[in-house]
Amino acid sequence: MAEETDLPHDSGPAGGWGSMQGMARILGESHASPMVLRSLRRQNKPKGVMCGSCAWPKPANYSAFEFCENGAKATMWELTSARCTPEFWADDAHTVTRLREWNDHDLELTGRLTHPLRYDAATDRYQAVSWDEAFAAIGASLQALPKESAVFYASGHAGLEASYLYALLARAYGNNNLPQSSNMCHETTSVGLTKVIGSPVGTIVWEDLEKTDAFFFFGQNPGTNSPRFLHPLKDLKDRGGKIVTFNPVIEQGLVSFVDPQNPLAMLTGKETIISDQYHQLKAGGDVAAILGMCKYVVEADDKAKAEGKAEVIDHAFIKQHTTGCEEFIQSCRDADWAEIERESGLTEAALREAAAVYIAAEKVIGVYGMGLTQHTHGALNIAMLVNLLLLRGNIGKPGAGCCPVRGHSNVQGQRTVGIAEKTKLVPLDKLKALFGFDPPTEDGMNIVAAVQGLFEGKVKAFVSLGGNLLRAVPDQKRMETAWSAQELTVMISTKLNRSHLFPGKNAFILPCLGRFEADEQATGNQTITTEDSFSMISASIGDRPPPSDALKSELAIVTGIAKATVPARAELKWDEWTADYGLVRDLIEFTYPDDFRDYNARMYDAGGFYRGNGAHERIWKTPEGKAVFTTPGQLNSLGFKDAPGRYRLITMRSNDQFNTTIYGYSDRLRGLEGSRDILLMCPEDIDEAGLRDGQMLTLVTDVDDGQDRRLGGLKLTAYKLPRGTIAGYYPECNVLVPIGHHDELSQTPASKSVPVRIEAG
Ligand SMILES: Nc1nc2c(c(=O)[nH]1)N[C@H]1C(S)=C(S)[C@@H](COP(=O)(O)OP(=O)(O)OC[C@H]3O[C@@H](n4cnc5c(=O)[nH]c(N)nc54)[C@H](O)[C@@H]3O)O[C@H]1N2
Ligand SMILES: Nc1nc2c(c(=O)[nH]1)N[C@H]1C(S)=C(S)[C@@H](COP(=O)(O)OP(=O)(O)OC[C@H]3O[C@@H](n4cnc5c(=O)[nH]c(N)nc54)[C@H](O)[C@@H]3O)O[C@H]1N2
Ligand SMILES: [Mo]
């Protein structure tokens, strides 16, 4: 059980009245029109709109209100009645340089962007420009540059149709420089999970949630990041199942929940206790913790064998479906409990207790998020979780599997339809057959390569389909200088953000429709589609009036840029595709026939249609043709050693943000209110370091590479954390993360374990 914290940061349960108050506050602040309630009723339902916040799936049997606190906040934030018009820039105080003093929250409060804008260096302001002029200038600038120096970034929001054409634009232009937000997120999953089970995505479907006996949570925070997940968790508890959590931070959504859609529970305040066990391990301690549990499973199996009892390990499954098990089991036997305790920060007794739940359950789902992926050995974290699941055949059977919870609403889908810097992931032959040109065969840049390319001056143009890259990437201070040294910056955005404030020599902001808005093209209102964390594809149809007549859809902006940039060919029917997105879906179906069969017909299915996944059927697309056990080479996921005065910094999300979009300053579920400029540390560490709660501090990155990275003005806040692990907020702490500090295999920035020192003041 989570121990009672003696620190003054108690919060109410997840859900409940607190979530209602949180939504009401955003409704007030965003000035969303009362019609927003109609939009919320359509959220996540067939012929409605799939939530633009996280990628949690939509049940086929939906309820009257199929949205959560944070989904509602995202919708209201998008449907604000505030407008950032060209007149905004007329104000003396609104030069780009002055706006750099504004924080993320205040920039977004200026409202929806209404017109295409071009930066004017003479006045240091953006000015309205016509779409034709913008496209022509962007096309001319891109054509003049060496092909390898332009990057086409996508944040995981835009629908499959616009994303497919965006990838086509990059390839027709001449490169595979298609980094995506997953490069900072679940790329560790794409690479790490593929290595061990031959699938880049999770293996479970909705029915598995209903059949499982237990969830094991590693570094995923559903209360904040995927609140609709709390309902299946409550259902499991109602039917007597178990939940075991591993997280350095006590996250309220994994402690208790009051269902805001259940009137009786709301009136009586009846909480459901979520986690039966809550293990506050050290940041980076998962390898050791999971090894400890596996050691227990191996011991229990040995004992059962000796006593002639039923086996604990699923030997038949292992023999038929896996490789590397013997070596792994030997490493479990050899592992030393004292080392496991030291590396995980958990006791042998606690790990035995967790493992006992694991072996008592017939069907287990392993859930994980950024707490596993954003480490130097993040792929090893994932491989260890897969080891644990494989020992008892918990992949590819009903009620069991591996569940990485994705971030952006279409982040997984964008990869499916070709936004990928790695050419092996894309059927280039199909593209050639469809469009007649030879797509470039050299791999492009991921985020780390693109940022390094910016630092070296090799990257000269950046097109961004959504996102706020300058704020989301490591080494943010260096990025600001490098970003504005570019020849061209093009941001396809809904709201103003900090990335707009470091314009390149030619700089454009191209404002787009949101998902809830009607997208009228020549053949009528268009449908777009997205893929969720369970590989289900669903349609969205917007019906709200756009915030301005001057807006274009994301797809129309992509084709507008393409027409001005890429030499014309008969096969590249940009105008026809813009007129009818159904034609783009036909192209997608031709390119990926196994995934998108009968695409245009099936996209309205309740809960979406399933794209399929080999590992779900126990078909392992690994070189070995089997699922692979991994023997760990080290007992933590860190790329550095502990040293006196060195801490492991977690960069975390609050309940009042969506990535770099800051809704407000209430981290209600952690009992932290009013400021994001804080540093959380346990009282024992505060005492030992001779510091005091409430004092102001500076964090300095403890990496010796000649760069000085520091973040001052942080208020030290005593909080219940393991020794040596400290926490601050993302994106503010991104100035501290070195671009070279990333997962060894996938290059995902290791934002959950940054080595730092503390300085007073
Ligand atoms: N409201 C809201 N929803 C969101 C987002 C948002 O910002 N706001 N972002 C979206 C996106 S893009 C993504 S990727 C997802 C992110 O959702 P999550 O995957 O939940 O990501 P985080 O909140 O960054 O971190 C998850 C948890 O990891 C824990 N953790 C940190 N280090 C470790 C460790 O070493 N081991 C373990 N076991 N745990 C650790 C943290 O305490 C935290 O509770 O959410 C999506 N949904
Ligand atoms: N230190 C640290 N760094 C991190 C993380 C961390 O945990 N710690 N998390 C990482 C993760 S998981 C991710 S996914 C990245 C996120 O990185 P990004 O995806 O680049 O950032 P977002 O904040 O999601 O992008 C927000 C912007 O998208 C635009 N936008 C919103 N809606 C739309 C729309 O409908 N269409 C278009 N075209 N634009 C829209 C708005 O202008 C808004 O300002 O950050 C990563 N960075
Ligand atoms: Mo993400």
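Scope of the values below: all heavy atoms of this structure, side chains included, with no hydrogens, waters or symmetry mates. In each ligand, atom 1 is the first atom listed, and ligand 1 is the first ligand listed.
Interface of E108 with ligand 2, defined as ligand atoms under 4.0 Å from a residue heavy atom, comprises 43 (C), 44 (O). Atoms of ligand 2 lying under 4.0 Å from at least one heavy atom of S493, given by number and element, are 39 (N), 42 (O). Less than 4.0 angstrom separates some heavy atom of C512 from each of these atoms of ligand 2: 36 (N), 37 (C), 38 (N). Residue contact check: I492 has heavy atoms under 4.0 Å from atoms 37 (C), 38 (N), 39 (N) of ligand 2. Remark: ligand 2 atoms within the under-4.0 Å shell around heavy atoms of Y153 are 17 (O), 18 (P), 19 (O), 20 (O). Which parts of ligand 2 touch G466 is read off a 4.0 Å heavy-atom cut-off, strictly below it: atoms 37 (C), 38 (N), 39 (N). Within ligand 2, counting atoms from 1 as listed, the ones closer than 4.0 Å to a heavy atom of N497 are 27 (C), 42 (O), 43 (C), 44 (O).
For Y126, the ring-ring contact (aromatic ring centres under 6.0 Å, His included) partners are W89, Y119, not counting sequence neighbours. Partners of Y647 according to the ring-ring contact (aromatic ring centres under 6.0 Å, His included) rule, which considers only residues two or more places apart in sequence or in another chain, do not exist here. Under the ring-ring contact (aromatic ring centres under 6.0 Å, His included) criterion, F462 pairs with W483, not counting sequence neighbours.
Proximity of W77 to ligand 2, defined as any heavy-atom pair under 4.0 Å, is not found for any part of the residue.
Using a 4.5 Å heavy-atom threshold, the side chains of N183 and V448 count as separate.
To the nearest 0.5 Å, atoms CG (L79) and CG (L40) are separated by 8.0 Å.
Annotation: G467 places an N or O atom under 3.5 Å from an N or O atom of ligand 2; distance criterion only.
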- Message: If you apply the rule salt bridge (Lys or Arg N to Asp or Glu O under 4.0 Å), what do you find for R668 with E69, and how did you get there?
- Response: CA-CA 12 Å; R668 177 174 57 84; E69 173 182 358; 2.6 Å; yes
- Query: Can H408 and N659 be said to form a side chain to side chain donor-acceptor pair (under 3.5 Å), step by step?
  - Reply: CA-CA 9 Å; H408 277 286; N659 297 335; 3.2 Å; yes
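A distance of 6.0 Å or more separates the ring centres of Y581 and Y164.
At a 4.0 Å heavy-atom cut-off, the residues surrounding ligand 1 are C54, N70, C185, F218, G219, Q220, N221, T224, N225, F246, N247, P248, V249, E251, L281, A283, G284, D286, G369, M370, G371, H375, G407, H408, I650, R653, Q657, F658, N659, K752, listed by chain and number.
Using the six-membered ring where Trp is involved, F216 and F218 have ring planes that are parallel, under 30° apart on the 30 and 60° scheme.
Counting only distance, with no hydrogens or angles, the side chain of Q476 and the backbone of N734 share no donor-acceptor pair below 3.5 Å.
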